[in-house]
Peer 1: 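Dropping a structure here in structure tokens format, bear with me for questions.
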Amino acid sequence: MKAVRFVNPAGEARIGALDEDGTITDAGAAGPQGFVPTTLAWDALQQADGPTHNVGDVKLLHPVVPNKLIGIGLNYRSHAEESQLDIPSVPVIFAKFSSSLIGNGDHIVIPREETRPDYEGEVAIVIGQPVYRADEAEARAAVGGIAAINDVSGRRAQLETPLRQFTLGKSFDTFSPLGPCIASADGVDLADIDLRTTVSGEVMQDANTRDLIFSVVELIEYISRGVTLEPGDVIATGTPSGVGDSRSPKRYLREGDTVEIYVEGIGTLSNPVRNEL
């Protein structure tokens, strides 16, 4: 089952059930947080019987508005190797501002000062129930859905500033495309999800969550030791090898590019790129 947040022809933000044929069935008005993947929300989505729309005929918004947008650094073995960094002994956690979120089809806008804009295709986990100090079973049960996310990164701000300002470099407006939908995590093997990033037709990243250093469950266990994870919170689980900053020659995003993030079971999140005016 897949959920979207979209704008209907009347200009209203709605929640919809996305079928495999690309049909969206209206499930009601979208609240301030969009689609929060609780058990009750999935049950309600299954009963959707409103007007239908073709997915290509409506504007998709990022499906959820999280209170917390949590990033994970260096969580694929292949990415640690290409970065010539040691495998971390604990998850590397950073924050992204939720104001950086955009939906499928929206432009990634490169700030004038940013000289090293980079892509990072990732699997996003959306929390479906509150959890604090989770054990393994509670951590898995807290996963309400999955989505694709592009952890767009301004490497200049992230790496060339004092004390490496991850939050700034990863929180510029438009630097967190999320979507195009949230898929139910029921029956999904979170340790076996294909992930692929394509930039202007060229495959840049091609991986599977089997290569994660810290699994989704381990991330939730670790973060929830002191931080309550709430329904709607999003965890971007890390990016694999192939980022532009580690290539030779380096391949940064530029005006006219289109970045596509494919996540198995979700589909493709696509965003064009332009420079700030």
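In what follows, every heavy atom counts, from backbone to side chain, and hydrogens, waters and symmetry copies are set aside.
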Peer 1: Let me see the working for I261 and V259 under side-chain contact (heavy atoms from CB on, under 4.5 Å), right down to the final yes or no.
Peer 2: CA-CA 7 Å; I261 312 296; V259 186; 4.0 Å; yes
Peer 1: Any non-hydrogen side-chain atom of I108 less than 4.5 Å from a side-chain atom of P177?
Peer 2: yes
Peer 1: Any ion pair linking K2 and E20 (charged N to carboxylate O, less than 4.0 Å)?
Peer 2: yes
Peer 1: Could you tell me if N208 and D192 have a donor-acceptor pair between their side chains, going purely by distance under 3.5 Å?
Peer 2: yes
Peer 1: Under 4.5 Å between any side-chain heavy atoms of V243 and R155, yes or no?
Peer 2: yes
Peer 1: May I ask you to check if R196 and Y262 form a cation-pi contact, with NZ or CZ under 6.0 angstrom from the six-membered ring centre and within 45° of the axis?
Peer 2: yes
Peer 1: List the steps and the verdict of side-chain contact (heavy atoms from CB on, under 4.5 Å) for F175 and D173.
Peer 2: CA-CA 6 Å; F175 269 34; D173 292 355; over 6 Å; no
Peer 1: Any donor-acceptor pair under 3.5 Å linking the side chain of T38 with the backbone of G128?
Peer 2: no
Peer 1: Could you grab the distance from atom CD of E264 to atom CD1 of I193, nearest 0.5 Å is fine?
Peer 2: 7.0 Å
Peer 1: Within the distance-only criterion (no hydrogens, no angle test), does the side chain of Y119 pair as donor or acceptor with the backbone N or O of G244 below 3.5 angstrom?
Peer 2: yes
Peer 1: Side-chain contact, heavy-atom cut-off 4.5 Å: N67 with S98?
Peer 2: no
Peer 1: Could you please spell out the steps behind the side-chain hydrogen bond (donor to acceptor under 3.5 Å, both in side chains) verdict for E81 and S241?
Peer 2: CA-CA 8 Å; E81 291 166 0; S241 62; over 6 Å; no
Peer 1: Any salt bridge between R156 and E113, counting N to O under 4.0 Å?
Peer 2: no
Peer 1: Using the rule that two of Ile, Leu, Val, Met, Phe, Trp, Tyr join whenever any of their side-chain heavy atoms come within less than 4.5 Å, decide whether I102 and V64 are in one cluster.
Peer 2: no
Peer 1: Does any donor atom in the side chain of K96 or S176 lie under 3.5 Å from an acceptor atom in the other side chain?
Peer 2: yes
Peer 1: Output the distance between atom CG (L190) and atom CD1 (I220), rounded to the nearest 0.5 Å.
Peer 2: 8.0 Å
Peer 1: Quick one: does any side-chain atom of E114 pair with a main-chain N or O of P111 as donor and acceptor, under 3.5 Å?
Peer 2: no
Peer 1: In sequence, state the C-alpha distance, the side-chain angles, and the governing distance for I127 and E230, and then conclude on side-chain contact (heavy atoms from CB on, under 4.5 Å).
Peer 2: CA-CA 6 Å; I127 299 299; E230 302 163 310; 6.0 Å; no
Peer 1: Can a donor-acceptor pair be found, under 3.5 Å and without considering hydrogens, that links the side chain of D233 to the backbone of K68?
Peer 2: yes
Peer 1: State which residue, out of I93, V216, I125, D151, fulfils the side chain to side chain contact (heavy atoms under 4.5 Å, CB included) condition with I72.
Peer 2: I93
Peer 1: Closer than 3.5 angstrom, by distance alone: can the side chain of S83 be matched with the main-chain N or O of A80 as a donor-acceptor pair?
Peer 2: no
Peer 1: Please report the interatomic distance CG(N75) to CD(E218), rounded to the nearest 0.5 Å.
Peer 2: 9.0 Å
Peer 1: Check whether V143 and V188 end up in the same hydrophobic cluster, where Ile, Leu, Val, Met, Phe, Trp and Tyr are linked by side-chain heavy atoms less than 4.5 Å apart.
Peer 2: yes
Peer 1: Indicate yes or no: at least one non-hydrogen side-chain atom of F172 is less than 4.5 angstrom from one of P117.
Peer 2: no
Peer 1: Considering the options V123, L229, I149, which one meets the side chain to side chain contact (heavy atoms under 4.5 Å, CB included) requirement together with I235?
Peer 2: L229
Peer 1: Membership question, hydrophobic clusters at under 4.5 Å side-chain separation (ILVMFWY): are L219 and L195 in the same one?
Peer 2: yes
Peer 1: Measure the OG-OH distance between S224 and Y132 for me, rounded to the nearest 0.5 Å.
Peer 2: 8.5 Å
Peer 1: Between R116 and Y252 (side chain of the first, backbone of the second, donor and acceptor by atom type, cut-off under 3.5 Å), is there such a pair?
Peer 2: no
Peer 1: What I'd like to find out is whether the side chain of S78 reaches to under 4.5 Å of the side chain of P240, using heavy atoms alone.
Peer 2: yes
Peer 1: Would you say I15 and V4 make side-chain contact, with heavy atoms under 4.5 Å?
Peer 2: no
Peer 1: Contact between V273 and H107 at the side-chain level, heavy atoms closer than 4.5 Å - yes or no?
Peer 2: no
Peer 1: List the atom of L178, the atom of A124, and the distance in Å for their closest heavy-atom pair.
Peer 2: CD1-CB, 4.0 Å
Peer 1: Considering non-hydrogen atoms only, spot the tightest contact between Q33 and G232 and give its length.
Peer 2: NE2-CA, 4.2 Å
Peer 1: Which atom pair, heavy atoms only, marks the closest approach of S171 to A95?
Peer 2: OG-O, 4.1 Å
Peer 1: Could you check whether any side-chain N or O of N104 sits under 3.5 Å from a backbone N or O of L60, counting only pairs where one atom can act as donor and the other as acceptor?
Peer 2: no
Peer 1: Flag yes if more than 12 heavy atoms outside E136 fall under 6.0 Å of its CD atom; otherwise flag no.
Peer 2: no
Peer 1: Restricting to non-hydrogen atoms, name the atom on P9 and the atom on H53 that form the minimum distance, rounded to 0.1 Å.
Peer 2: CD-CE1, 3.5 Å
Peer 1: Find the distance between CD (Q129) and OG1 (T39) and round it off to the nearest 0.5 Å.
Peer 2: 6.5 Å
Peer 1: Please lay out, stage by stage, how Q205 and T197 fare under the test side-chain hydrogen bond (donor to acceptor under 3.5 Å, both in side chains).
Peer 2: CA-CA 5 Å; Q205 298 178 290; T197 303; 2.8 Å; yes
Peer 1: Minimum heavy-atom separation for P37 and I182, please, with both atom names.
Peer 2: CB-CG2, 4.4 Å
Peer 1: Going by atom types alone, do S153 and D118 pair a side-chain donor with an acceptor below 3.5 Å?
Peer 2: no
Peer 1: Under 4.0 Å between a side-chain nitrogen and a carboxylate oxygen: does that hold for K170 and E120?
Peer 2: yes
Peer 1: Tell me whether Y222 shares a hydrophobic cluster with V126, the cluster being built from Ile, Leu, Val, Met, Phe, Trp, Tyr side chains joined at under 4.5 Å.
Peer 2: no
Peer 1: Give, for atom CG of L101 and atom NE2 of H62, the distance between the pair rounded to the nearest 0.5 Å.
Peer 2: 5.0 Å
Peer 1: Inspect the surroundings of CG in D43 and state if more than 12 heavy atoms from other residues, nucleotides or ligands are less than 6.0 Å away.
Peer 2: yes
Peer 1: Can you find a pair of side-chain heavy atoms, one from I266 and one from I146, that are under 4.5 Å apart?
Peer 2: yes
Peer 1: Would the distance check show the side chain of D19 and the main-chain N or O of G22 forming a donor-acceptor pair, the cut-off being under 3.5 Å?
Peer 2: no
Peer 1: So which heavy atom on D257 is nearest to which on S200, and how close?
Peer 2: OD1-OG, 2.8 Å
Peer 1: Closer than 3.5 angstrom, by distance alone: can the side chain of E122 be matched with the main-chain N or O of G238 as a donor-acceptor pair?
Peer 2: yes
Peer 1: Apply side-chain contact (heavy atoms from CB on, under 4.5 Å) to R251 and V199, showing your working.
Peer 2: CA-CA 10 Å; R251 176 43 165 111; V199 179; 3.6 Å; yes
Peer 1: Please check if the number of heavy atoms outside N54 that lie under 6.0 Å from its CG is greater than 12.
Peer 2: yes
Peer 1: Whether the side chain of T258 engages the backbone of P272 through a donor-acceptor N/O pair (distance < 3.5 Å, no angle test) should be reported.
Peer 2: no
Peer 1: Using the rule that Ile, Leu, Val, Met, Phe, Trp and Tyr join whenever any side-chain heavy atoms are under 4.5 Å apart, tell me whether Y76 and V263 fall into a single cluster.
Peer 2: yes
